[in-house]
Every structure is written in structure tokens, then in C-alpha cells.
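The figures here come from the full heavy-atom set of this structure, side chains too, leaving out hydrogens, waters and symmetry mates. All values derive from a computational prediction rather than experimental measurement.
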Amino acid sequence: MGYLKALTATGATAMVLMLGACSGGEDESASAGEGNEGEKKVEFMHLWPEGNSAQHHRVVEEIISDFEAENEGVSVDVEVLSNEQYKDKVKVLSSSDELPDVGMTWAAGYLEPYVSGEKFAPLDDMLDDGLREQFVEGTTEGYEIDGQTYGLPLELNTANVYYNKAIFDEYGLEPPETLEEFNSVVDTLNENGVPPVALGNGDSWTGSMWYMYLADRLGGSQLLTEAIESGDFNKPELIQAAEEVQNLVDNDTFMQGANGLSDQEAKSSFMNEQAAMYLIATWDLPNYTTNEDVPQEFRDSVGYFKFPTVDGEGDMDSYVGGPGVGMFVAENSDVKEEAKAFTKFFVEEWGERAVTDVGIIPATKIDPESLDLPQMYVDVLNDLNSASNITLYADVQMSADAADVHLNQIQALFGGEVTPEEFTEAHTEVLEGE
Amino acid sequence: MNKVMSNKWMILLYMSPALLLVGVLIFIPLILSGYYGLMEWDGIGEMKFIGLENYIRGLQDGMFWTSVWHSTLLALFSTLSLILYLAVSLVLASKIKGAGLLRKIYLIPMLLSSVAIAQLWIKVYNPSNGILNWILMRVGVENPPSWLADPNIVLYAIFLPIVWQYAGFYILIYYAALKNIPETVIEAARIDGASPLQIALKIKLPLIREVILVTVVLAVVGSLKYFDLIYVMTNGGPNGASEVMASYMYKLAFSVNDFGYGSAIGFLMLIITLIATLFIRKATSSDEKLQY
């Protein structure tokens with residue numbers, strides 16, 4: 001029994017030491033703002049881990065080391081988490097008032113609780129200081145709440161239908177311009193046993209884009225945005241768009257079991273040439289152009305077309321899309337000046353490197369002519385310049401509450417569980433209550 | 001040793017590390033979540049006290065009761081599958097050839113992380129490329145179902161991997177309990193002319209009754225608060241068809257930003273689990289202790 005006693009005693013001592021060590025850690029992080037010898041430390045959290053976003057990760061590292069080289073006495077402390085973990089952690093940190101000085105945020109609905117909780121700093125002074133001109137028009141608006149801007153966008157995405165030229169050629173198909181043509185393409189593909197469209201509606205924002213485009217073509221580019229603002233979804237065009245979605249489903253447009261697949265699974269069927277078309281935003285461009293991990297043969301065989309009109313109705317230059325992630329500065333930051341300087345530096349540096357090294361479309365203006373870009377980028381950038389409108393993703397526009405209803409209803413609509421009328425009524429109900 | 005143990009302060013000292021851990025990690029969060037349930041709170045900004053409103057809203061929320069029903073179904077399903085585990089253990093414990101190897105094979109799913117299991121089964125269930133539908137089509141099924149997309153079957157499609165995941169755990173428990181039965185008792189029964197089936201039903205099962213009761217409680221409680229595979233495989237979808245209590249709670253707190261309501265749902269879940277546990281204990285308690 002004697003040794004047992006000794007063991008317990010050791011255990012207890014170890015525990016006490018552990019607790020001591022923990023509290024020691026607290027002290028250290030509390031003084032992180034000042035750092036040693038007057039050096040200022042800017043805490044920065046982003047969501048591009050080396051594992052799944054190697055190119056993003058590398059560019060971020062480069063920008064940080066450039067910033068540190070130019071700004072003596074300021075260092076940047078980085079923490080990286082992947083998307084979902086990032087969202088959870090930011091939430092927990094903000095409720096205990098320990099947000100990093102600079103971090104990533106999303107637009108509109110996501111931003112709102114952080115702004116009303118006064119966690120993010122308004123950044124209009126930076127924009128007025130010459131930064132505003134550098135952004136593509138309209139991109140910062142998604143981050144505006146009550147006339148103040150709380151985030152600076154890094155990406156700008158528009159959704160297009162990507163298609164496999166090899167499959168299209170095999171069956172003598174042309175990229176469709178109207179829904180009628182689109183349906184006949186779908187029929188031909190189905191007759192030949194090729195799943196026409198890859199869709200992972202398990203992540204229902206993917207199906208939402210189909211609905212949004214149909215609403216846009218049928219009722220004009222402002223219809224959906226206005227309906228979300230006013231809370232009234234009871235519009236004939238919105239009901240008709242829901243009907244069109246169900247017509248597409250009934251016509252076997254989407255691959256089997258789409259409601260249970262993730263976007264990732266849908267993407268891999270498109271990339272394994274099992275499905276002919278795929279509606280996705282421009283963040284996927286590298287997969288069809290520069291990404292060396294994707295076989296050259298496949299990249300060469302991908303083209304894209306704008307979402308078709310519905311029997312000639314609608315404007316093909318109106319897009320579904322919007323800014324992706326943006327940067328925020330914490331309201332309670334100890335080093336706000338430096339944090340803002342870093343954010344400004346980052347946004348300015350990001351633009352060109354984002355398109356050449358990462359392969360995404362940045363929210364800041366760039367000159368496609370001066371850069372050596374794949375043709376698809378040049379085309380997309382030109383489309384963007386002639387875009388008449390970009391409608392922000394519906395689930396981003398809405399509050400979290402309404403977005404949850406919207407996404408569930410989208411799955412129900414694709415699954416045939418609700419009628420188009422029930423679909424719009426459910427939206428009216430949740431949006432009116434706000 | 002006796003002298004040490006009679007000193008109440010020493011007892012407290014030795015208990016304190018465990019007490020502290022249990023308190024900090026379990027009881028304080030428990031009380032806090034009950035408290036947050038009284039608030040209107042998005043998890044970020046200011047809290048506002050609203051009394052029992054969240055709890056009342058929960059009791060009137062159709063989606064919550066749907067998730068309770070799904071969790072109950074899972075509890076029922078896991079309890080029934082205990083019979084299967086028990087049957088396997090009885091066979092394994094009766095000294096068949098290769099029992100050791102089989103036991104290790106059954107244990108493998110338990111060594112995998114839930115996320116890996118979920119990814120594995122997502123691939124098995126893939127409607128066009130998955131192995132399950134591939135086999136079904138080979139044996140002549142024309143239109144095999146889209147397992148995770150069909151609201152009528154998605155729940156059962158997820159139950160299957162859950163049953164598979166926990167097989168090793170329960171088989172291990174039963175196997176150990178069965179191995180603990182003294183050989184002499186079984187020998188005596190055999191001499192009296194009992195058949196292997198009679199030995200299993202009349203001797204072995206009554207002797208491990210206590211263990212079986214414990215596993216029933218474990219299975220029911222584990223099912224009621226189950227989360228992992230459902231979160232990864234469908235996240236409660238499509239349109240809530242596979243939502244269980246824990247996934248609904250998570251969705252409310254973290255995606256819908258309704259931390260107060262999510263906490264209230266979590267607390268209701270605790271109460272439901274407690275009631276279920278008490279009910280099982282009550283229904284199965286008996287004073288007579290079996291001895292041979």
C-alpha cells in the first residue's frame with residue numbers, strides 16, 4: 001500500500017504544478033499586446049491552413065514577412081484554422097472578448113451580430129484615406145451596416161456553369177443560351193447515360209444558387225434582394241422560379257441523390273468527368289486552369305457559360321455571387337493603429353498576388369492585360385467588368401435565422417417535399433418576423 | 001492507512017483533484033448552460049434575461065420534438081442491437097476456433113475516429129459510385145435508393161454505421177462478463193444434461209444480468225445524446241430528416257446564432273436523458289441477486 005500512497009502524492013503534486021503552469025500561461029498571453037522590448041504584436045487569425053490551401057497559405061506568409069520587414073518593431077502573430085473550426089473559434093473568442101486584432105469575416109448576415117455587439121471596428125477612415133478607389137465598385141457594400149463598413153473584402157466571386165467540352169463534343173452539344181436549349185442538352189445527356197449536372201445539395205447553398213439564378217432571370221436582378229429586405233416572398237416570379245427548379249429536378253437534370261451529397265462529392269464527379277456540368281463560383285477557377293494536381297487534359301477540356309435566360313427573359317450579365325471573406329479589425333484591439341496598418345498593407349498586396357499566385361479573383365482592381373493569366377481568367381475578369389449586377393448569395397444576405405430556413409427549404413424544394421407556394425410562404429413567414 | 005483515512009481533511013485532499021476536474025468540466029458548464037437558456041443571447045453581444053421563454057419555445061417547437069423522436073428511435077435501435085452483440089459474444093466465448101482473431105476484428109470500428117467512419121460510409125452510400133448501390137445493381141435492383149438523400153430512409157441509413165461502430169465495445173464487455181462465469185457452474189449444468197442453448201439462456205444470461213442492464217443504460221443514454229456521425233454525414237438534413245437532439249442543439253447555437261435557445265435545448269436534452277435513465281433503472285431494478 002505504501003507505494004500507492006506515494007503515487008497519489010506524486011499525482012497531487014503534478015496536478016498542482018499543472019494548475020500553476022496554466023495560470024502562468026494566462027499571464028503571458030495577457031501581455032502579448034506589448035511584447036518584449038516595446039515590440040508590438042498584431043494577432044492575426046486566418047482560415048487557409050497549409051494542408052488544403054497551400055497557395056493561399058504561402059501568399060499570406062509572404063505578405064506578413066514583407067510587412068514585418070517594412071515595419072520595424074511590429075510583428076504579426078498568426079493562428080490558422082480551417083473554415084468551420086475558424087467560425088466556431090471566432091465565435092467563442094468574441095463572447096469572451098478575446099478576438100484577434102485582425103481576422104477574417106464574411107459579409108452581411110454573418111457580420112451583423114459582431115457589429116451590433118460592437119466587436120468589429122468601423123474601417124471607413126481607411127477607405128476614405130484612398131483605399132476605396134482600389135476596390136471593385138460595390139464590393140465593400142456587402143460589409144456595410146448602417147452606413148459604416150466593417151470589413152475589407154479579399155475575394156470577388158461570380159457563379160457560372162462550367163462544362164466538360166469533351167463530353168459536349170462527343171454528343172454534338174453547344175453551350176445553351178436559353179433554358180429551353182439547356183433542357184434539350186440535359187435530355188441528350190440523359191439519353192446517353194451521362195449525369196447532366198453535378199450538384200451537392202447536401203450543402204444547400206449550392207442548390208440555392210440555382211434558385212437564385214432562375215429568380216434573377218424570371219423577375220429581374222433586384223427581385224430577390226428586395227424580397228429579402230421587405231420580407232415578402234409572395235411574388236409570382238419567385239413562385240415560378242421554385243416551379244422551374246422542380247421542373248429541372250423532374251427532368252433529371254441533377255445527378256442522382258443530389259440532396260444527400262456534399263459539394264465536394266459533386267465536384268469530384270465533375271472533375272472525374274462523370275457529370276457534364278457544374279454550377280460553381282469563380283473560387284474554383286484554379287482547378288480548371290493552373291492547379292497542377294489536376295490532369296492537364298481535364299483542365300483543357302473545361303469551358304464555362306453564363307447561366308441561360310428563361311425563354312429569352314432576363315439579363316445574362318446579371319450574376320449571383322459576391323465578395324467572399326474579408327478582413328476585420330477588432331474594436332477592442334490594444335494595437336489598433338498597427339492592426340489597421342497591417343490590414344491596409346495586406347489588402348493592397350493581396351490583389352495582384354491573389355490572382356497570379358493563388359488563382360482567385362480579388363476584390364481590388366487589377367489590370368488583366370499587364371499580367372500573364374490563363375484565358376479563362378481574362379474572360380471572367382472581362383465578364384466582371386461588363387456585369388450589370390451581382391446578387392449576393394441569398395443565405396449570406398439573410399440573418400442566420402432566416403438563412404437556416406432558406407437552406408432547409410431549398411433541400412425540401414429539390415426533394416419535392418414542398419410545393420413552390422409552401423416554399424415562398426416559409427420564407428415570408430421567417431423574414432416578416434424580423 | 002486507517003489512520004490517514006479517518007482524517008476527513010485527508011479524504012478531502014485526495015478527492016479534490018477529481019472533484020475539481022468533474023466540477024469544472026461537467027457541473028459548472030451544466031449549470032451555466034441552464035442559465036444561458038434563460039437568456040436571449042446570440043453568443044456574441046449582450047445577454048438579455050427573458051425567463052423561461054426559451055424553454056417554453058422549445059416545448060412548442062415541432063422540429064425539437066421531431067429530433068426527440070429521432071433520438072428515441074436511435075435509442076430503441078441500439079438497445080435492440082444489443083441482442084445481436086450478445087449473441088455474437090456468446091458464440092465467441094464458447095471457445096470456437098479463431099475467437100481471438102474475430103474479437104479483434106469486431107473491435108476495429110471502435111478504434112477508428114467517428115469522422116473516418118462517417119467518411120467511409122458516405123462513400124459506401126454514394127448513390128452512383130458507392131459500393132452498396134453497385135452491389136444492388138449487380139443483383140438486379142433497378143433503381144437503388146439514394147440513401148442519404150431520401151428523407152424516409154436517411155435516418156436508418158445512419159443507424160447502421162452507428163450499430164457497426166459500437167459493436168466492438170459491447171462485444172468486449174459481454175465477452176469479459178461471460179468469461180467471468182465460473183467453469184464449474186457450466187460443468188455442473190452439462191453433467192445434469194443441459195443443452196448448449198439451455199446453458200446460454202438459463203445459466204449464462206441470468207449470471208451476467210447486471211452487466212446487461214448496465215449496457216442497456218449505456219446504449220440508451222449514448223443514443224439520446226448521439227451527435228458525431230449525423231453531424232458529419234448529413235448535418236441533420238435533408239430538411240431535418242435526420243436531425244437528432246444534439247445536432248439540433250448545435251445547429252441552433254452555432255449556425256443560427258441563437259445561443260440562448262440552443263442552451264435551453266441542451267438543458268431539455270439533459271432532462272430527457274435523466275428521465276430515461278431513471279425510468280430504465282426503475283423498470284429493471286430487482287433485489288434478488290442470482291447465485292448458483
Go through the steps to decide whether A:Ser95 and B:Phe259 satisfy the test side chain to side chain contact (heavy atoms under 4.5 Å, CB included), and finish with yes or no.
CA-CA 11 Å; A:Ser95 62; B:Phe259 225 88; over 6 Å; no
Report the C-alpha separation of B:Tyr250 and A:Asp88 in whole Å, then their side-chain angles, then the decisive distance to 0.1 Å, and conclude whether the side chain to side chain contact (heavy atoms under 4.5 Å, CB included) test is met.
CA-CA 11 Å; B:Tyr250 180 85; A:Asp88 288 353; 2.8 Å; yes
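Only the side chain of A:Lys119 comes within contact range of chain B, with at least one heavy atom under 4.5 Å from a heavy atom of that chain. For B:Leu252, no part sits under 4.5 Å from any heavy atom of chain A, backbone or side chain. Proximity to chain A (any heavy atom under 4.5 Å) is shown, for B:Trp147, by neither the backbone nor the side chain. Neither the backbone nor the side chain of B:Ala241 comes within contact range of chain A, judged by heavy atoms closer than 4.5 Å. Contact annotation for B:Lys123: neither backbone nor side-chain heavy atoms come within less than 4.5 Å of a heavy atom of chain A.
Residues B:Asn239 and A:Ala412 approach most closely at ND2-CB, 3.2 Å, considering heavy atoms. Annotation for A:Gly260 and B:Ala149: closest pair N-CB, 3.3 Å, computed over non-hydrogen atoms.
Taking a 6.0 Å sphere around CD of A:Glu243, one finds it holds more than 12 heavy atoms contributed by other residues, nucleotides or ligands. Applying the 6.0 Å contact sphere to CD of B:Gln119 captures more than 12 heavy atoms from other residues, nucleotides or ligands. Within a 6.0 Å sphere centred on CG of A:Asp146, heavy atoms belonging to other residues, nucleotides or ligands number 12 at most. Heavy-atom neighbours of B:Leu32 CG from other residues, nucleotides or ligands within 6.0 Å: above the threshold of 12. Annotation for B:Phe227: atom CZ counts as buried by contact number, over 12 foreign heavy atoms lying within 6.0 Å. In the displayed structure, A:Gln264 atom CD is contacted under 6.0 Å by at most 12 heavy atoms of other residues, nucleotides or ligands. More than 12 heavy-atom neighbours from other residues, nucleotides or ligands sit within 6.0 angstrom of CZ on B:Phe49.
Contacts between residues 394-408 of chain A and chain B, counted as heavy-atom pairs separated by less than 4.5 Å, involve A:Ala400, A:Asp401, A:Asp404, A:Asn408. Scanning residues 415-424 of chain A against chain B with a 4.5 Å non-hydrogen threshold yields A:Glu417, sorted by number.
Remark: the A:Glu265 side chain and the B:Asn129 side chain contain no N/O donor-acceptor pair separated by less than 3.5 Å.
Rounded to the nearest 0.5 Å, atoms OG (B:Ser128) and CD (A:Gln274) are 6.5 Å apart.
At distances below 3.5 Å, at least one donor-acceptor pair connects side-chain atoms of A:Gln256 with backbone N or O atoms of B:Pro144.
A cation-pi contact, defined as under 6.0 Å to the ring centre and within 45° of the axis, is absent between A:Lys87 and B:Phe254.
Side-chain contact between A:Glu112 and B:Asp42 is absent, with no heavy atoms from C-beta onward closer than 4.5 Å.
Interface check for chain A: of the options B:Val154, B:Asp150, B:Thr234, B:Leu148, the most heavy-atom pairs under 4.5 Å are formed by B:Leu148.
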